[in-house]
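Comments concern the structure below.
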2 protein chains.
Amino acid sequence: MIFDGTFADGERLDEVQLAEKFAVSRTPVREAIQRLALSGLAEQIPRRGVFVRQPGPVELIEMFEVMAELEAVCARLAATRISDAALAELHATNERCNAAVSAQDADGYYHENEKFHAILYRQSGNSFLEQECSRLHKRLQPFRRMQLRLRGRLKQSMGEHEAIVAALEEGDGEKAASAIRSHVAVQGEKFHHLMASLKHAAE
Amino acid sequence: MIFDGTFADGERLDEVQLAEKFAVSRTPVREAIQRLALSGLAEQIPRRGVFVRQPGPVELIEMFEVMAELEAVCARLAATRISDAALAELHATNERCNAAVSAQDADGYYHENEKFHAILYRQSGNSFLEQECSRLHKRLQPFRRMQLRLRGRLKQSMGEHEAIVAALEEGDGEKAASAIRSHVAVQGEKFHHLMASLKHAAE
DNA sequence: CTTTTCATTCTTGTATACAAGAAACTTGAT
DNA sequence: ATCAAGTTTCTTGTATACAAGAATGAAAAG
């Protein structure tokens, strides 16, 4: 994958090189590369090839801002549309999150956290919105994951989750929206950590 | 194009057929088709081919809802970030819109309307958000355009534009957001018109 | 010694040939 | 007559061959 640090920013994706690396012909490699280019992970320059395009700090912040706003929309819509079953599932997921925090199980937390957000997207009652959120979430996944390694972040994140669920239970869309906005937003320490990890990824 | 009514929903895109139609080989046709599939205009089923996927009424309403929310975010962010020059440009665009309305020039109005929204996206100060908005806007373009043919819609739309600009001038993000939300939202007559046009597109 | 131009080489883009899986049709049996 | 199984045909997916444009290096001129 591009995130593994296997590919640096600006690096050219050589078709023949990748072809022999995966022991296939150029054709499927080209198709795969074009998919990358279309999803924004690489930039295609006609007759010149496609180049890996790691998002810079500015673009990352922008993406997180959009993610926060999209999730806020989900929350606002979900506040009036969410089902009781889904609310129960959010609670259950949150409890499993809590257990993971107690067990210092970062990966477990990560998994349940994913689930939490997926449920939220689904409960927006708008499957197109759900799709778009999932797409961006996936794109930000590696950067999001890094944040969880911050000291004390797990516990803090848990509290934010609970605030979100509480707002949803009250049916207060604006409260839920602002709660998730600050949950996702990149700011302060998180930003610095993000910058640091970016530097690391560039090496 | 897919919108021209050339391709009906569910129709298979035959590679060889398109290849000889455009007098090229299958390879570039395949690449083009894959691009369509990735942008959501077609669905690819492995070993079965790709099929045109016109959005149904439900999906269209969902997309318009997301568009409304995204533009609302743009407006809210723009309210604090917009430049005086951009505000002036919005005013100018709006006046040209007005002239087009007086001249019954639907195409002219359409063009200036595009500009209006483009400026708004830009002034969110978030180029990623700008990109995403433009993408969705382009996708909804044919359906949006149909709405403008509704009687009295041009004048009404104009008023909404002015309300948006006014809110931006006041720096009132929430007001601007809700103004643009109702501007873009699909409801009432607009919905029925949308449904009718969908039926027409399906024939 | 530097710069410009030409030639060679390398890479992308396109065409064609081949393989594998799916669909359709035929043939046989119940 | 209907249904099932096998075969044929058609379509997608992959490999290879070819063409065209870009980059690099060498050679010649200023």
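Order of the sequence lines fixes the chain letters, A, B, ..., with proteins taken first and strands second; residue numbering starts at 1 for each chain.
Taking only side-chain atoms of A:Thr27, from C-beta outward, the nucleotide of C:dG13, D:dT14, D:dG13 with the closest atom is D:dT14. The side chain of B:Arg48 approaches C:dA23 more closely than any other nucleotide in the set C:dA23, C:dT14, D:dT16. Listed nucleotides D:dT11, C:dT14, C:dG13 differ in distance to B:Pro28; the shortest reach to its side chain belongs to C:dT14. In the set C:dA22, C:dT14, C:dT11, the nucleotide with an atom closest to the side chain of B:Arg47 is C:dA22. Taking every side-chain heavy atom of A:Ser25 into account, D:dT14 is the closest of D:dT14, C:dT11, C:dT14.
Computed from coordinates, the B:Arg26 CZ to C:dA19 C1' distance equals 12 Å when rounded to whole Å. For the pair B:Asp14 CG and C:dA22 P, the computed distance is 18 Å after rounding to whole Å. When rounded to the nearest whole Å, the span between CZ of A:Arg30 and P of D:dA15 equals 14 Å. Between A:Ile45 atom CD1 and C:dT12 atom C1' there is a gap of 13 Å when expressed in whole angstrom units. Summarising the geometry, the separation between CD on A:Glu15 and P on D:dT14 is reported as 15 Å, rounded to the nearest angstrom. Going from atom CZ of B:Arg12 over to atom C1' of D:dC10 covers 9 Å, rounded to whole Å. As a whole-Å value, the separation of A:Phe51 CZ from C:dT11 P is 12 Å. Between the P atom of C:dG13 and the CZ atom of B:Phe22 lies a distance of 20 Å, rounded to the nearest Å.
The shortest non-hydrogen separation linking A:Ala177 to A:Arg76 is CB-CB, 4.4 Å. Between B:Ile119 and B:Ala86 the shortest heavy-atom distance is CG2-O, 4.3 Å. Between A:Thr93 and A:Phe116, the shortest heavy-atom distance links the atoms CG2-N, 3.9 Å. Heavy atoms only, all atoms of each residue included: B:Pro55 and B:Glu59 are closest at CA-OE1, 3.8 Å.
The 5' end of DNA chain D is approached more closely, in terms of each residue's nearest nucleotide, by A:Glu31 than by the other of A:Glu31 and A:Pro46.
For the 3.5 Å distance criterion, the side chains of B:Arg96 and B:His111 fail to qualify, holding no donor opposite an acceptor. Side-chain polar atoms of B:Tyr121 and B:Glu71 form a donor-acceptor pair below 3.5 angstrom.
Between B:His91 and B:His161, the ring centre distance reaches or exceeds 6.0 Å.
When heavy atoms are screened at a 4.0 angstrom cut-off, B:Val24 is found touching the sugar-phosphate backbone but no base atom.
For the helix from C:dC1-D:dG30 to C:dT30-D:dA1, the rotation axes defined at the first and last 5 base pairs enclose an angle of 0°, given to the nearest 10°.
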